[in-house]
There are 2 protein chains.
Amino acid sequence: MGNNLYHADCPAIETLALIGGRWKVIILHVLSKHARRFGEINVRIPSISRKVLTEQLRELEADGLINRKQYKEHPQKVEYALTDFGKSLCPLLAYISAWKKNVEGNSSQDIIQLPD
Amino acid sequence: MGNNLYHADCPAIETLALIGGRWKVIILHVLSKHARRFGEINVRIPSISRKVLTEQLRELEADGLINRKQYKEHPQKVEYALTDFGKSLCPLLAYISAWKKNVEGNSSQDIIQLPD
DNA sequence: CTGTATCCCTTTAGATACTG
DNA sequence: CAGTATCTAAAGGGATACAG
């Protein structure tokens with residue numbers, strides 16, 4: 001959400017400041033199962049360019065949601081993983097996925113059940 | 001998420017297509033408590049211009065998440081409310097708000113409890 | 001392999017004035 | 001009050017080439 005923070009004390013807005021970026025939920029979703037290398041993430045999200053993927057990863061790293069580990073090898077190898085803070089988002093990520101499934105199968109007023 | 005749909009069958013991406021817009025979660029959050037008039041929404045989200053607010057409301061309406069009711073009065077009155085489909089998002093909206101609160105108070109590995 | 005550096009076009013969004 | 005129209009500035013994002 002970037003620049004102006006209307007009600008910076010609103011929890012929803014604070015959360016969105018971290019995960020509201022165009023690709024961040026998807027990236028976090030990819031990383032929620034395994035730590036992944038740069039190329040692995042890119043394969044799973046083919047529509048994102050390397051440039052933009054790099055930018056998003058840098059922001060997620062700066063916000064403490066993911067961790068970047070660089071191995072001194074040739075060819076180079078870099079691995080991204082959720083931090084503990086990032087892992088605390090997993091239920092929310094699962095919820096986002098679960099919502100669509102639930103709505104498809106049930107009446108839309110139904111309470112959505114969080115997957116375990 | 002607009003143009004290219006890499007894995008359109010991914011539930012997370014489908015959900016984000018509906019609520020991933022820059023202001024949509026905030027707007028839905030405002031409407032989750034009451035139906036609101038255009039100006040009331042704008043007051044609660046001062047940083048969004050009328051033009052952009054209009055655009056976002058139109059998209060939410062087109063996606064069936066909100067309902068626009070125009071009263072034939074002077075001065076004009078228009079009220080926006082969540083549809084049943086939109087209401088099915090309320091737990092997710094609450095979850096987004098709850099996450100930040102939970103993380104502040106607890107260890108980041110803790111499972112977040114959905115508010116009732 | 002994992003990026004960075006440019007270039008350049010597209011999209012977004014603010015300001016302002018105007019309408020029913 | 002609730003928008004629409006227009007113009008413009010800024011940000012976003014793709015393509016390509018290059019670097020460590």
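Throughout, a chain's letter reflects where its sequence line sits, starting with A, and its residues are numbered from 1.
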Sugar-phosphate or base contact per nucleotide [nucleotides 15-20 of chain C; S, B, -; heavy atom under 4.0 Å]: B-B--B
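A:I48 has its CD1 atom 15 Å from the P atom of C:dT2, to the nearest Å. Taking atom CD1 on B:I45 and atom P on C:dG14, their separation rounds to 12 Å, with Å as the unit. In this structure, A:L53 places its CG atom 15 Å from C1' of D:dG12, rounding to the nearest Å. We find that CH2 of B:W23 is positioned 21 Å from P of C:dT11, with the value rounded to whole Å. Nucleotide C:dA13 holds its C1' atom 14 Å from the CG atom of B:N42, rounded to whole Å. Straight-line distance from the NZ atom of B:K72 to the P atom of D:dA2: 14 Å, rounded to whole Å. Atom C1' of nucleotide D:dA2 and atom CD of B:Q56 are separated by 17 Å, given to the nearest angstrom. Summarising the geometry, the separation between CZ on A:R37 and C1' on C:dG3 is reported as 13 Å, rounded to the nearest angstrom.
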Hey, mind stepping through A:I41 and A:W23 against side-chain contact (heavy atoms from CB on, under 4.5 Å) and telling me if it holds? CA-CA 11 Å; A:I41 302 170; A:W23 300 95; over 6 Å; no
For side-chain contact (heavy atoms from CB on, under 4.5 Å), just list the numbers for A:L53 and A:F38, CA-CA rounded to whole Å, side-chain angles, deciding distance to a tenth of an Å, and then say yes or no. CA-CA 9 Å; A:L53 178 54; A:F38 184 88; 3.9 Å; yes
Is there a side-chain contact (heavy atoms from CB on, under 4.5 Å) between B:L57 and B:R68 once you walk through the steps? CA-CA 9 Å; B:L57 288 169; B:R68 179 181 185 274; over 6 Å; no
Decide side-chain contact (heavy atoms from CB on, under 4.5 Å) for B:R44 and B:R36; before the verdict, give the C-alpha distance in whole Å, the side-chain angles of both, and the deciding distance to 0.1 Å. CA-CA 10 Å; B:R44 284 167 177 75; B:R36 292 289 186 192; 3.4 Å; yes
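Applying a 4.0 Å cut-off to non-hydrogen atoms, the residues of residues 58-71 of chain A that approach DNA chain C are A:R58, A:R68, listed by residue number.
Shown here for A:G21 and A:Q56, the closest heavy-atom pair between the two residues is C-OE1, 4.0 Å. Across A:I19 and A:V25, no two heavy atoms sit closer than the pair O-CG2, 3.6 Å. Of all heavy-atom pairs spanning B:T15 and A:I96, the tightest one is OG1-O, 2.9 Å.
Remark: side-chain polar atoms of A:S32 are not paired, donor with acceptor, to backbone N or O of A:C90 under 3.5 angstrom.
For A:T54, taking side-chain heavy atoms from C-beta onward, the closest of the listed nucleotides C:dT2, C:dT4, D:dA2 is C:dT4.
Dashed line: the shortest gap from a side-chain N or O of B:Y80 to OP1 or OP2 of D:dC1 is not under 4.0 Å. For the pair A:R22 and D:dG13, the criterion of a side-chain N or O lying under 4.0 Å from OP1 or OP2 is met.
In this structure, the separation between CD1 on B:I66 and CZ on B:R58 is 8.5 Å, given to the nearest 0.5 Å.
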